[in-house]
Amino acid sequence: MAVACGIVGLPNVGKSTIFNAITAAGAESANYPFCTIEPNIGIVDVPDTRLEQIRGHIESKKMIPASLKIVDIAGLVAGAASGEGLGNKFLGNIKETDAILHVVRCFENDDIVHVSGRVDPITDIEVIELELGMADAETLKRNIERVSKKARSGDKDSLAQKDVFERAHAIVEEGKALRTVEWKPEELVMLRPLFLITIKPVMYVANVADDDLDGKGDLAQIVAKYAADTDADFVALSGDIEGELAGMDPEDRVEFQEDLGITEPGLERLAHQAYNLLGLQTYFTAGPMEIRAWTIHRGDTAPQAAGVIHTDFEAGFIRAECYSVDDLEELKTEAAIRAAGRLRVEGRDYVMQEGDIVHFLFNK
């Protein structure tokens with residue numbers, strides 16, 4: 001499952017610095033607006049210590065972690081929805097992502113120019129939110145016009161779509177994000193093809209100074225409260241510190257983290273919270289050729305999980321044989337797990353659990 005998160009924010013808030021730190025992709029980063037023009041894309045491994053745990057008991061040629069696609073989208077400015085800056089192009093890039101990582105500047109530094117001349121997290125957020133809402137309003141307006149023609153002839157599907165699109169349009173016109181409103185499943189089905197931006201889940205990333213790594217400073221806490229009030233997630237990290245960590249060898253990195261009191265690097269926190277934000281979870285397959293982490297949605301059944309490996313696995317699903325990483329840690333081998341009666345045989349209705357280790361049986 002390819003999961004994509006788009007990094008957005010005003011120019012010079014540290015988006016590309018954070019992108020570089022978590023992907024080591026070397027995106028250009030400089031002290032002037034529109035440094036990022038084309039979106040930079042990085043595919044990053046999702047850190048998961050359970051892979052090493054499994055490998056400690058099951059000999060395998062390689063380990064393959066789950067991955068996360070990070071898209072560094074150029075800095076938006078006021079008027080982007082009307083084409084200011086490189087507006088419409090940026091907004092189009094955002095539409096293609098599953099979630100939005102909204103970077104907000106939460107540090108003072110006279111050497112780094114702020115696009116509006118002063119550091120004000122709420123104003124910065126509102127500029128971006130306004131542009132995203134205006135883009136959604138335009139998308140909805142076009143689609144209301146499109147379905148209205150059929151609705152006038154009494155077409156039931158078009159009538160239903162028109163009602164939902166008009167409700168969504170009224171919400172964004174009020175300045176609200178669509179994600180803050182409760183939608184029925186059938187309404188979400190109608191809205192999904194429009195690739196609306198403000199309905200996507202959002203994580204606010206407070207880019208903090210190196211003396212506020214836990215995000216307890218006033219600026220970061222303003223962002224944390226805003227996130228809580230608007231049904232969004234929040235994480236604080238220092239782009240500069242994360243950049244230093246990314247450039248170190250493993251031993252020096254561990255020592256530097258200990259000196260700073262960092263227990264979990266920025267990538268790990270971002271990845272784990274992004275999974276939670278998107279309602280994702282992980283299961284594993286393990287054998288002599290590879291140990292691999294697979295990404296699925298919470299609530300997926302065993303056949304759906306098998307389909308992530310290959311569609312033939314879902315179509316021909318017979319059963320799943322499952323056990324947990326804890327079972328493997330305790331009993332050491334699959335043979336011992338089976339002998340202890342801890343290997344679970346699950347059918348088509350089984351809902352996958354976080355961290356399941358699975359063998360799928362299917363008809364070829």
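Just the heavy atoms: all of them, side chains too, but no hydrogens, waters or symmetry mates, feed the values below.
- Judged by distance alone, with hydrogens and angles left aside, the side-chain atoms of Asp249 form a donor-acceptor pair with the main-chain N or O of Asp252 at under 3.5 Å.
- Residue Glu59 places its CD atom among 12 or fewer non-hydrogen atoms of other residues, nucleotides or ligands, all under 6.0 Å distant.
- By the 6.0 Å contact criterion, OH on Tyr226 is enclosed, its count of non-hydrogen atoms from other residues, nucleotides or ligands being greater than 12.
- Within a 6.0 Å radius of NZ in Lys225, no more than 12 heavy atoms belonging to other residues, nucleotides or ligands are found.
- Rounded to the nearest 0.5 Å, atoms CG (Asp163) and CD (Glu187) are 9.5 Å apart.
- Hydrophobic clustering keeps Leu219 apart from Ile241 (ILVMFWY residues linked when any side-chain heavy atoms are closer than 4.5 Å, directly or through intermediates).
- In summary, the side chains of Thr180 and Asp231 do not present any donor paired with an acceptor at a separation below 3.5 Å, with no hydrogens or angles considered.
- Minimum interatomic distance between Ala220 and Gly215 (heavy atoms only, all atoms of both residues): CB-O, 3.4 Å.
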Worksheet entry | Working for side chain to side chain contact (heavy atoms under 4.5 Å, CB included), residues Ile144 and Phe165 | CA-CA 6 Å; Ile144 290 167; Phe165 295 172; 3.6 Å; yes

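- Of the possible donor and acceptor atoms, one in the side chain of Gln281 sits under 3.5 Å from a partner among the backbone N and O of Met352.
- Side-chain contact between Leu280 and Val3: present, with at least one pair of heavy atoms (C-beta onward) separated by less than 4.5 Å.
- Trp294 and Thr282 share no side-chain donor-acceptor pair at under 3.5 Å.
- Although no hydrogens or angles enter the test, the distance criterion places a donor-acceptor pair under 3.5 Å between the side chain of Trp183 and the main chain of Leu178.
- Under a 4.0 Å N-O distance rule, the pair Arg253/Glu244 does not qualify as a salt bridge.
- The existence of a salt bridge linking Asp327 and Arg342 is confirmed by a sub-4.0 Å separation between a basic side-chain nitrogen and an acidic carboxylate oxygen.
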Fill in: side chain to side chain donor-acceptor pair (under 3.5 Å) assessment of Ser238 paired with Asp210
CA-CA 6 Å; Ser238 167; Asp210 56 12; over 6 Å; no

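- A donor-acceptor pair under 3.5 Å is absent between the side-chain atoms of Glu131 and the main chain of Ile128, judged by distance alone.
- Atom CD of Glu329 is surrounded by more than 12 heavy atoms from other residues, nucleotides or ligands within 6.0 Å.
- Thr295 and Tyr275 are linked by a side-chain donor-acceptor pair at a separation below 3.5 angstrom, with hydrogens and angles left out of the test.
- Atom CG of Asp229 has more than 12 neighbouring heavy atoms from other residues, nucleotides or ligands inside a 6.0 Å radius.
- Between the side chains of Tyr350 and Asp356, a donor-acceptor pair is found at a separation under 3.5 Å.
- Atom SG of Cys5 sits about 10.0 Å away from atom CD1 of Ile100, to the nearest 0.5 Å.
- A donor-acceptor contact closer than 3.5 angstrom links the side chains of Ser16 and Asp72.
- The CE atom of Met134 lies 12.0 Å from the OG1 atom of Thr139; values are rounded to the nearest 0.5 Å.
- With hydrogens and angles ignored, the 3.5 Å screen pairs no side-chain donor or acceptor of Thr198 with any backbone N or O of Gly133.
- Remark: Glu174 CD is packed, more than 12 non-hydrogen atoms of other residues, nucleotides or ligands lying under 6.0 Å away.
- Between Asp300 and Val351, every side-chain heavy-atom pair lies at or beyond the 4.5 Å cut-off.
- Using a 4.5 Å heavy-atom cutoff, the side chains of Leu196 and Leu140 are in contact.
- Nearest heavy-atom pair, Leu68 versus Ala271, reported as atom, atom and distance to 0.1 Å: CD2-CA, 4.1 Å.
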Discussion item. Could you walk me through whether Tyr283 and Ile357 satisfy the side chain to side chain contact (heavy atoms under 4.5 Å, CB included) test, starting with their C-alpha distance in whole Å, then the side-chain angles of each, then the deciding distance to 0.1 Å, before giving a yes or no?
Written reply: CA-CA 6 Å; Tyr283 78 87; Ile357 304 173; over 6 Å; no

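- Using modelled atom types, one side-chain atom of Gln304 and one backbone atom of Thr301 make a donor-acceptor pair closer than 3.5 Å.
- Inter-residue side-chain proximity for Phe313 and Val308 is flagged as unmet; no heavy-atom pair is nearer than 4.5 Å.
- Between the side chain of Lys15 and the main chain of Asn12, no donor-acceptor pair closer than 3.5 Å is present.
- In this structure, Ile222 is a member of the same hydrophobic cluster as Leu10, with clusters built from ILVMFWY side-chain heavy atoms closer than 4.5 Å.
- In this view, Ala224 and Gln221, Phe234 satisfy the side-chain contact (heavy atoms from CB on, under 4.5 Å) rule, not counting sequence neighbours.
- Using a 4.5 Å cut-off on side-chain heavy atoms (C-beta onward), Val13 and Val104 make no contact.
- Contact check on Lys216 versus Asp214 returns no salt bridge, with no Lys/Arg side-chain nitrogen under 4.0 Å from an Asp/Glu carboxylate oxygen.
- More than 12 heavy-atom neighbours from other residues, nucleotides or ligands sit within 6.0 angstrom of CZ on Arg146.
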Sequence neighbours excluded and cut-off under 3.5 Å, please list the side-chain donor-acceptor pairs for residues 316-323, or say none.
unit_1	atom_1	unit_2	atom_2	d
Tyr323	OH	Glu334	OE2	2.5

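- Taking the side chain as every heavy atom from C-beta outward, Cys106 and Val223 approach each other to under 4.5 Å.
- Counting heavy atoms from C-beta outward, Arg167 and Val181 have side chains that approach closer than 4.5 Å.
- A distance of 6.5 Å separates CG in Asn207 from CG in Leu237, rounded to the nearest 0.5 Å.
- Formation of a donor-acceptor pair under 3.5 Å by the Arg179 side chain with backbone atoms of Thr230 is found in this model.
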Item to complete: Mind running salt bridge (charged side-chain N to carboxylate O under 4.0 Å, His left out) on Arg298 and Glu354 for me, showing each step along the way?
Response: CA-CA 8 Å; Arg298 284 197 294 266; Glu354 171 64 41; over 6 Å; no

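- Taking hydrophobic clusters as Ile, Leu, Val, Met, Phe, Trp and Tyr residues chained together by side-chain heavy-atom distances below 4.5 Å, Val46 does not share a cluster with Ile291.
- With rounding to the nearest 0.5 Å, the separation of CG in Asp326 from CD in Gln53 is 7.5 Å.
- Between the CZ atom in Arg152 and the OG atom in Ser148 there is a gap of 6.0 Å [rounded to 0.5 Å].
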Practice prompt. In sequence, state the C-alpha distance, the side-chain angles, and the governing distance for Gln257 and Thr263, and then conclude on side chain to side chain contact (heavy atoms under 4.5 Å, CB included).
Written response: CA-CA 7 Å; Gln257 285 179 200; Thr263 57; over 6 Å; no

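- Checked by atom type and distance alone, the side chain of Arg344 never pairs as donor or acceptor with a backbone atom of Glu346 at under 3.5 Å.
- Leu328 is connected to Leu343 through a chain of hydrophobic side-chain contacts under 4.5 Å among Ile, Leu, Val, Met, Phe, Trp and Tyr, so both are in one cluster.
- Under a 3.5 Å cut-off, the side chain of Ser153 and the backbone N or O of Lys150 do form a donor-acceptor pair.
- Clustering ILVMFWY residues whenever any of their side-chain heavy atoms sit less than 4.5 angstrom apart, transitively, puts Ile122 in the very cluster that holds Val205.
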Practice prompt. Could you walk me through whether His169 and Lys141 pass side chain to side chain contact (heavy atoms under 4.5 Å, CB included), step by step?
Written response: CA-CA 7 Å; His169 187 266; Lys141 181 181 176 182; 4.2 Å; yes

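- In this structure, Pro65 and Asp48 have side chains that are not in contact, with every pair of non-hydrogen atoms separated by 4.5 Å or more.
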Fill in: salt bridge (charged side-chain N to carboxylate O under 4.0 Å, His left out) between Glu242 and Arg269, intermediate numbers included
CA-CA 12 Å; Glu242 296 295 337; Arg269 282 183 286 139; 3.6 Å; yes

